[in-house]
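Contents: one structure, followed by commentary.
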Amino acid sequence: MGQGGGVLRSIEIGALPLEAGGVLPSVTMAFECWGTLNAAGDNAVLIQHALTGSTHVSRGESEEDGWWEGLVGPGAVIDTNKYFVVCANMLGGCYGTTGPSSIAEDGKPYGSRFPFITIRDSVEAEARLSSRLGVTSWHAVIGGSMGGARALEWALMYPEKVRRCAVVASCASSTAEQIAFAQAQVLAIRQDPHFVGGDYYDGAAPTTGLGLARRIAHITYRSEPEMGQRFGRKSQDDGGTISHVRLAPEVGGQFQIESYLDHQAHKLVGRFDANSYIVITEALMSHDASRGRGSLEQALKVASGVEFMVAAVNSDRLYFPTQSEELAAALPGNVVVASIDSPIGHDGFLTEVDAVGDLLAASLFRAQ
């Protein structure tokens with residue numbers, strides 16, 4: 001594929017049976033890759049993106065920094081002189097993989113017709129992609145947040161193909177609170193008048209609902225102390241917040257934290273599809289490693305030959321460190337949870353790239 005990488009590619013993987021029933025026909029998987037696959041096909045590393053993440057982990061030959069810039073590349077912790085690195089867009093996404101905005105067989109976008117998918121469905125699609133690429137086994141499968149759920153499912157669905165697995169800022173199953181936050185986000189989109197049941201592609205997009213969903217989510221991605229220290233109760237402009245214009249906030253009178261959330265919402269609605277947000281969020285809500293596999297310990301037993309690294313952000317209030325502890329305790333062997341020290345909260349798995357790199361260098365990528 002070439003050493004530089006960082007260029008979006010795609011491969012057709014055919015029709016895909018779904019866990020909930022039915023078949024998704026003619027699936028395309030989009031991905032980026034870096035480095036060169038060896039003749040044995042076993043020097044590969046799979047990196048899994050988070051909910052609204054993309055395939056662009058590292059700059060490579062492109063002009064845009066990746067979301068884990070510095071972690072992947074020649075001489076980096078995940079050294080592309082040694083490893084063939086792949087990052088695929090999740091099934092249902094909007095960065096090239098078949099999703100609700102994709103054109104169905106009748107020539108129209110799927111929209112409301114796109115089926116319910118699960119984390120396991122996406123892993124099955126990724127497994128087909130890996131076969132097309134010639135990967136026989138993964139040196140490591142690595143993911144943070146939703147990517148951690150996909151990484152864990154890889155170890156459970158294909159333990160013979162995964163030698164190492166890193167689950168960062170993630171868990172074995174979604175909790176009631178995580179589902180509750182997710183439901184509020186989904187409803188924010190569905191109640192946008194431009195959503196029209198998901199069939200909005202020939203009209204205005206439901207950007208107001210998607211922006212609100214992003215605001216709700218972003219509050220859980222950051223810690224209260226970080227927001228307090230960064231913004232506190234400060235106003236965005238000189239007019240202050242004790243003002244009648246608070247009743248017409250588009251005019252002024254905002255708190256800085258409100259302006260910050262507006263900014264985050266604006267960034268997302270410019271790059272993400274609302275239907276994909278719903279489909280992927282629903283997949284994450286359904287995430288449960290033990291579903292149909294007995295107890296959690298019984299479910300994880302199949303991965304006894306996989307070396308695990310489990311890490312948590314110490315200030316995370318979306319995926320609590322205790323959830324990482326519960327996962328590690330249920331895994332075969334003696335898995336110790338590593339801590340990523342960050343005041344930021346859940347997003348620390350993205351912002352503390354050096355800390356993540358140090359943990360990987362000391363575990364899954366230590367000198368053999």
Side-chain angles (χ1 to χ4, degrees), residues 6 34 45-60 64-83 85 87 138-152 155 164-172 217-230 264 306-329 331 334-368:
W34 302 258
V45 175
L46 179 62
I47 298 180
Q48 306 280 47
H49 65 75
L51 184 75
T52 60
S54 71
T55 57
H56 199 59
V57 176
S58 178
R59 172 187 288 265
E64 180 184 358
D65 281 351
W67 48 266
W68 256 351
E69 190 63 39
L71 195 61
V72 175
V77 173
I78 306 178
D79 188 351
T80 52
N81 291 325
K82 296 173 58 178
Y83 301 107
V85 183
C87 183
W138 298 104
H139 171 87
V141 180
I142 302 164
S145 193
M146 184 192 73
R150 289 159 68 197
L152 179 60
R164 301 166 184 85
C165 179
V167 181
V168 183
S170 191
C171 59
H218 203 78
I219 293 168
T220 70
Y221 297 161
R222 298 291 172 134
S223 72
E224 191 282 330
E226 190 260 350
M227 288 194 290
Q229 181 179 19
R230 187 173 174 186
Q264 295 299 324
V306 179
E307 178 185 349
F308 279 90
M309 186 197 88
V310 177
V313 180
N314 61 355
S315 58
D316 197 337
R317 62 173 175 174
L318 176 58
Y319 289 103
F320 294 106
T322 52
Q323 291 180 272
S324 296
E325 297 283 355
E326 291 166 1
L327 170 61
L331 283 167
N334 182 26
V335 179
V336 177
V337 177
S339 179
I340 298 170
D341 186 14
S342 172
I344 285 177
H346 181 67
D347 271 356
F349 85 94
L350 290 171
T351 61
E352 309 299 335
V353 179
D354 289 343
V356 173
D358 289 344
L359 293 176
L360 289 172
S363 55
L364 310 190
F365 294 88
R366 63 186 179 276
Q368 300 298 312

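Numbering of residues begins at 1 and proceeds along the displayed sequence. Hydrogens, waters and symmetry mates play no part in the numbers below; they use all other heavy atoms, side chains included.
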Using only atom types and a distance under 3.5 Å, with no angle test, would you say the side chain of [X] pairs donor to acceptor with the backbone of [Y]?
X      : Y      : value
Glu325 : Thr322 : no
His218 : Gln264 : no
Arg222 : Gly345 : no
Arg317 : Ile219 : yes
Arg230 : Met227 : no
Trp67  : Ser54  : yes
Ser58  : Val72  : yes
Asn314 : Ser342 : yes

Sequence neighbours excluded, the answer for ring pair (Phe, Tyr, Trp, His ring centres under 6.0 Å) partners of Trp68 is none
What residues, two or more places apart in sequence or in another chain, satisfy ring pair (Phe, Tyr, Trp, His ring centres under 6.0 Å) together with Tyr319?
His346
CA sep, side-chain torsions, deciding dist, call: Cys165, Trp138, side-chain contact (heavy atoms from CB on, under 4.5 Å):
CA-CA 9 Å; Cys165 179; Trp138 298 104; over 6 Å; no
State, yes or no, whether a side-chain contact exists between [X] and [Y] at a heavy-atom distance under 4.5 Å.
X     : Y     : result
Val57 : Leu71 : no
Trp34 : Cys87 : yes
Glu69 : Arg59 : yes

Locate the shortest heavy-atom distance separating [X] from [Y]; write the atom from each residue and the value.
X      : Y      : answer
Ser315 : Ser223 : O-CB, 4.0 Å
Ala140 : Phe365 : CB-CZ, 4.0 Å
Phe349 : Ala50  : CZ-CB, 3.9 Å
Ala151 : Ala166 : CB-O, 3.8 Å
Val337 : Ala328 : CG2-CB, 3.5 Å
Ile340 : Ala355 : CG2-CB, 4.2 Å

Working to the nearest 0.5 angstrom, can you tell me the gap between [X] [atom1] and [Y] [atom2]?
X      : Y      : atom1 : atom2 : answer
Leu359 : Asp354 : CG    : CG    : 11.0 Å
Ser170 : Leu318 : OG    : CG    : 9.5 Å
Glu307 : Ser363 : CD    : OG    : 6.5 Å
Ile344 : Asp316 : CD1   : CG    : 11.5 Å

Between Met146 and His49, is the side-chain contact (heavy atoms from CB on, under 4.5 Å) condition met? List the steps.
CA-CA 7 Å; Met146 184 192 73; His49 65 75; 4.0 Å; yes
Starting from the C-alpha separation in whole Å, work towards a yes-or-no answer on side-chain contact (heavy atoms from CB on, under 4.5 Å) for Leu152 and Leu327.
CA-CA 10 Å; Leu152 179 60; Leu327 170 61; 4.0 Å; yes
Of Leu46, Leu364, Val45, which is the lone residue that meets side chain to side chain contact (heavy atoms under 4.5 Å, CB included) with Val141?
Leu46
Is there a side-chain contact (heavy atoms from CB on, under 4.5 Å) between Ile78 and Ile142? Walk through the geometry before answering.
CA-CA 11 Å; Ile78 306 178; Ile142 302 164; 3.8 Å; yes
